[in-house]
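Have a look at the structure below before the remarks.
Per chain, numbering begins at 1; letters A, B, ... match sequence-line order. Computed from a predicted structure; not experimentally measured. Any value given below was found using the heavy atoms of this structure, including those in side chains, with hydrogens, waters and symmetry copies removed.
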Amino acid sequence: MTNHELAELLKKVSAAYQILGENRFRIIAYDKAADSIEHLTTDIKDYWIAGTLGEIEGVGKTIAEHIDEILKTGKNRHWESVFAKVPEAVFPLLFVPGIGPKKAYALVTILRLENEKSAVTDLEKAAKAGKIEPLDGFGKRSQDVILEAISAFKKGQIKENRMPLPYADVVAIEVMEYVAKAGGCEKIDVLGSLRRKVATIGDIDIAVATNDPDKIIERFISFPHQKIIEKGPSGATLLLANGKQVDMRVQTPKAYGAMLQYFTGSKQHNIALREYALTKGLSLSEHGIKDLKTGKVRVFATEEQFYHHLGLDYVVPELREGRDEITMAKKHSLPTLIEKGQILGDLHIHSSYDLHSSHDVGVSSVKEILETADILGYEYVGFSDHNPSVSNLSSSVITQIMKKRKKYYEQQYYSYTTGVRKGKKATSLFVMCEVDIKPDGSLALPEDAFEFVDAVVVSLHSAFTQPRKQVTDRIIKALTSHAKVRIFGHPTGRLLGSREGVDADWKEVFVVAKEKNIALEINSFPERLDLPDGLVAVAKEMGVKFCIDTDAHDKAHMNLMPYGVSVARRGGLSDDDVVNTYPYTKFAQWLYNKK
DNA sequence: GCCGTTTTCGGCCCGACTGTTTTCAGTCG
């Protein structure tokens, strides 16, 4: 059972309790536990095995026992007895936007929907036949809304449809530039998961500080769209032609801080913050901070003022995930996060040099890449082309290819340095290689060929579905197989939206990385963003180092570095944790594995 | 059902919007 499946199950219990009129705080408790488990970065089974289910926020004695039972036996007798009291056709309807437990129950009982499997289709038929309009509490409008929601639901236009962060960035910038053109925008920012730089984005949220909200909202809804989902005095929501939803919120400049804070989230952070504020007799909202004694609301132009008023240090958006950031803000112990400008090199770049690789070669020349590195202000770069294909070539041929390649890079580097202006420092070059970790954990580069590289990045490119024990052993074997293995590339191998990462025992892997002083890569490529931020935080706690790379196959990709940096920031990393913030000498020492 | 920098009892995040309602319930983020 995955975390997501368990979370869904807990939400189902909550829905059943809502229909049964159970104590509302018990319902909230189930929702909270579901939310918390959904956002865990560790597999629920790991907590179970370790006997630490109770350490999960919102999971107490009772729910922990229920989870234990379901993981042990695949069933939970208590929950099943709860579900049995509710018509089964209710549950599939909950996935239709706008239908919650109460409406679902009303529809199912009045319309006598009985079949769980066909409930959504049956409801659609009833709506088309005009059978919903006359029902108590429903009307013509709600009938139409249900029809629209079902049709969107069937098209798969439901929240699953998340986009990688960089793509959301592009859409957001387009909308913001459009809105700003109208004039009257004092400030404009992204909000929500986009501002927190989460790896995948559902809806795009935008904030505007203005003294003329009507004008801004009118301007916003004139942006090319498929549909206006919502419109009110404080904002509006559009569905764009590409199926993405964009929310815009407006606020006066003097109260902008609270609104920015409120809609940046995360939900968990805000709930924790509001609970903390209540202990101080303060109530938070997007309008400001209300003193519960006097009833007076204070407004804040900036978020910094907002946090400071609560006696907290400012929490950057990337850390607002409801982990322990509020406690740290109280104790002034928030980390100073790494910044893009501190990155001094990119060690995972593919040039157009063809070495008979089994994977993609890059499109940019060595010279172009060195020039780009110069522009980016890097002190060093590493060329990590894929290893030559091991299925077609013998070991001795591969060794010859690698030898020739090293010479090629040296020549290219020589001609590049002679072209660099006098008095200016040339970017240094490391001849590296991205080596496949074969399914058995051996490396796809013969021993003799290691002589012709400074260091290697090892990565998984196959057999992603191996069982946990096997893939864990495989990774550890690869990390310990050669002293020149220095970076573990895109560790989980996930591709956002299309492939889950491998299911390894990450803590075991991190122990080995720490021991061997191997850096975990944070790959900046939009579909990867791998290592994921949650695991970054776990590895940092264990003292492991990181290397933020772009995996560029084109010199333009070298500009993707900020996305890797945002993953690092979400994982709580400082410059010390990241080897490619080291100046050249220190970095070279690390790369050559000198103590 | 959970939880504790006033608490092991007695609280539990907050507001906007929508539709169908004359004062609110449901849903959402």
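- When rounded to the nearest whole Å, the span between CG of A/Asn23 and P of B/dC2 equals 12 Å.
- Comparing atom distances between the A/Thr62 side chain and each of B/dG1, B/dT27, B/dC12 picks out B/dG1 as nearest.
- Between the C1' atoms of B/dG26 and B/dT20, the separation comes to 11 Å (whole Å).
- Taking side-chain N and O atoms only, A/Lys102 has a distance below 4.0 Å to OP1 or OP2 of B/dG26.
- Considering only side-chain N and O atoms, A/Ser142 lies under 4.0 angstrom from the phosphate OP1 or OP2 of B/dT20.
- Side-chain proximity of A/Leu278 to B/dT20, B/dC14, B/dG1: nearest is B/dC14.
- In this structure, A/Ser234 reaches the B/dC17 phosphate: one of its side-chain N or O atoms is under 4.0 Å from OP1 or OP2.
- Residue A/Arg499 places its CZ atom among more than 12 non-hydrogen atoms of other residues, nucleotides or ligands, all under 6.0 Å distant.
- A distance-only check finds no donor-acceptor pair linking the side chain of A/Arg570 to the backbone of A/Gly534 [under 3.5 Å].
- With both ends at atom C1', the span from B/dC14 to B/dT8 equals 28 Å, rounded to whole Å.
- Residue A/His287 places none of its side-chain N or O atoms closer than 4.0 Å to OP1 or OP2 of B/dC14.
- Atom name P, nucleotides B/dC2 and B/dT6: the rounded distance is 24 Å, in whole Å.
- Contact between the side-chain N/O atoms of A/Thr279 and the OP1/OP2 oxygens of B/dT6 is not found at any separation under 4.0 Å.
- If you check B/dT8 for Watson-Crick or wobble pairing at under 3.5 angstrom, you find it has no partner at all.
- In this structure, A/Arg468 pairs ionically with A/Asp43, as a charged nitrogen and a carboxylate oxygen lie closer than 4.0 Å.
- Nucleic acid contact class of A/Lys330 (heavy atoms, under 4.0 Å, all strands): none.
- Residue A/Arg141 has its side chain nearest to B/dG19 when only B/dG19, B/dC12, B/dG15 are considered.
- At a cut-off of 3.5 angstrom, counting only N and O atoms as typed in the model, there is a donor on one side and an acceptor on the other between the side-chain of A/Tyr262 and the base of B/dG29.
- Aromatic stacking is not marked for A/Phe25 over B/dC2, as the cut-offs of 5.5 Å for the centres and 30° for the planes do not both hold.
- Nearest-nucleotide assignment on DNA chain B puts the 5′-proximal partner with A/Phe138, out of A/Phe138 and A/Asp247.
- B/dC9 and B/dG15 have their C1' atoms separated by 29 Å, with the value rounded to a whole Å.
- For the P atom pair drawn from B/dC28 and B/dT23, the interatomic distance equals 25 Å after rounding to whole Å.
- Taking atom C1' on both B/dC12 and B/dT7, the two are 13 Å apart, rounded to the nearest angstrom.
- Of the candidate nucleotides B/dC14, B/dG1, B/dC17, B/dG1 has the atom nearest to the side chain of A/Ile63.
- Residue-level contact check: A/Lys140 touches the backbone only, with heavy atoms under 4.0 Å from sugar-phosphate atoms and none from bases.
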